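In what follows, a structure is listed as structure tokens, so that the remarks can point back to it.
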Amino acid sequence: MSAEPRATRGIAFRAIAPNAITALALCFGLTGARMAIDGRWELAIGAIIFAGVLDGLDGRIARLLRADSRFGAELDSLSDVIAFGVAPTIVIFQWSLQYAPKFGWTAALALAVCCALRLARFNAAIDSDDQPHKSAGFLTGVPAPAGAGIAFVPIYAWLVTGIEWLSAWYVVMPWVLLVAFLMISNVATYSWSSLRIRRGWRLEVLAAIGLLGAALFTARWETLLAISLIYVGMIPFSIASYARVRRRRAASMATVEG
């Protein structure tokens, strides 16, 4: 007896599971924007941060299930623009930049526009063989989820301290513009594949990750503030690390050619 035609058997759930997670990330990002319109800042930030967690899972689950596809990649980029570009723009504008006498909305838009440009550059280069940062295990510029997270640094600090001037537009606007620039910059930033842990530190790192998870529940804003500032502080080190990789590669090529 002949097998049932493939077209009539339907699609395996594993093929749509990663895309479903991406769609959830998009929905949580937009929910963050909705919470910001109501002035519910903690829920707004929490929804977008959770969207970032989902964004970090969908690609890995797709590779684990061997369900990655061009459709999934395009959906992921569209979700990232909305969840980490449009939604943070609305949050930051509602929280602070709407009170700027001029250019408040323009500065907020920079975050969304630069997020879209970054993802367009990523998609355009996805099949390119000439990607020096990627080939060395680094990213080009700050990724969209990280950009959204560090854009909220003034809000984290305000939630922790209650200091009112932290929400002033003249404090928030320069920070938002800096984050927008970092997303489209050619600065080399660490990716998961570029980070290396010594074998002797494995248990310590696992313990630190567990404690970090606990801290996110007990002191979420302090922890997110610390993580964001550490990430920003690591950018000069990632630039130096990539420069060392380039020098080693150049020396290796010179040796081969010689």
Side-chain angles (χ1 to χ4, degrees), residues 17-18 21-22 24-25 28-29 42 45-68 76 79-80 83-84 88 118 122 131-157 159-160 178-179 182-183 185-249 252:
I21 295 173
T22 303
L24 277 174
F28 271 97
E42 295 191 12
I45 301 296
I48 294 173
I49 294 297
F50 188 66
V53 173
L54 293 174
D55 181 73
L57 292 175
D58 58 2
R60 288 165 177 78
I61 291 175
R63 289 187 289 272
L64 181 65
L65 298 178
R66 297 181 181 178
D68 46 339
D76 185 68
S79 172
D80 285 358
F84 311 122
R118 173 191 166 73
F122 176 82
Q131 297 188 61
H133 289 161
K134 183 178 180 180
S135 63
F138 290 81
L139 300 173
T140 302
V142 172
I150 63 176
F152 293 145
V153 161
I155 306 182
Y156 303 150
L159 288 170
V160 169
L178 173 63
V179 173
L182 287 174
M183 283 199 287
S185 70
N186 288 319
V187 169
T189 56
Y190 286 122
S191 68
W192 289 112
S193 59
S194 65
L195 296 174
R196 293 290 184 270
I197 300 170
R198 295 181 182 179
R199 291 184 181 274
W201 292 5
R202 180 167 50 187
L203 295 180
E204 290 82 354
V205 171
L206 289 174
I209 292 172
L211 293 173
L212 178 63
L216 284 170
F217 280 95
T218 58
R220 63 181 65 87
W221 307 121
E222 292 86 349
T223 305
L224 287 171
L225 178 60
I227 291 172
S228 300
L229 294 178
I230 290 171
Y231 181 87
V232 174
M234 288 175 63
I235 292 176
F237 294 98
S238 66
I239 296 171
S241 295
Y242 178 67
R244 287 195 295 270
V245 171
R246 287 188 62 185
R247 286 195 296 268
R248 286 198 295 269
R249 287 184 169 184
S252 178

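Owing to the predicted nature of the structure, the values given are computational and were not obtained by experimental measurement.
- Nearest heavy atoms, Thr189 versus Gly141: OG1-O, 2.7 Å.
- If you take CE on Met234 and CG on Leu229, they are separated by 13.0 Å, rounding to the nearest 0.5 Å.
- In this structure, the separation between CG on Asn186 and CD1 on Ile239 is 11.0 Å, given to the nearest 0.5 Å.
- A donor-acceptor contact shorter than 3.5 Å links the side chain of Ser238 to the backbone of Ala188.
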Just list the side-chain donor-acceptor pairs under 3.5 Å for residues 217-225, sequence neighbours left out, or say none.
unit_1	atom_1	unit_2	atom_2	d
Thr218	OG1	Ala214	O	3.2
Thr223	OG1	Ala215	O	3.2
Thr223	OG1	Ala219	O	2.7

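- Judged as a ring-ring contact (aromatic ring centres under 6.0 Å, His included), and not counting sequence neighbours, Tyr231 has no contacts.
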Donor-acceptor contacts, no H, no angles, side chain residues 47-56, under 3.5 Å, sequence neighbours left out:
none

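- When atom types are taken as modelled, the side chain of Tyr242 and the backbone of Leu139 share no donor-acceptor pair closer than 3.5 angstrom.
- Separating the CG atom in Leu212 from the CD1 atom in Ile227 is a distance of 4.5 Å, to the nearest 0.5 Å.
- Applying the side-chain hydrogen bond (donor to acceptor under 3.5 Å, both in side chains) rule to Ser79 yields no partners; only residues at least two apart in sequence or on another chain are considered.
- With hydrogens and angles disregarded, no donor-acceptor distance shorter than 3.5 Å links the side chain of Arg118 to the backbone of Leu182.
- Heavy-atom minimum distance, Gly149 versus Ser228: O-OG, 3.7 Å.
- Residues that satisfy the side-chain contact (heavy atoms from CB on, under 4.5 Å) test with Arg244, not counting sequence neighbours, are Ala240, Ser241, Arg247, Arg248.
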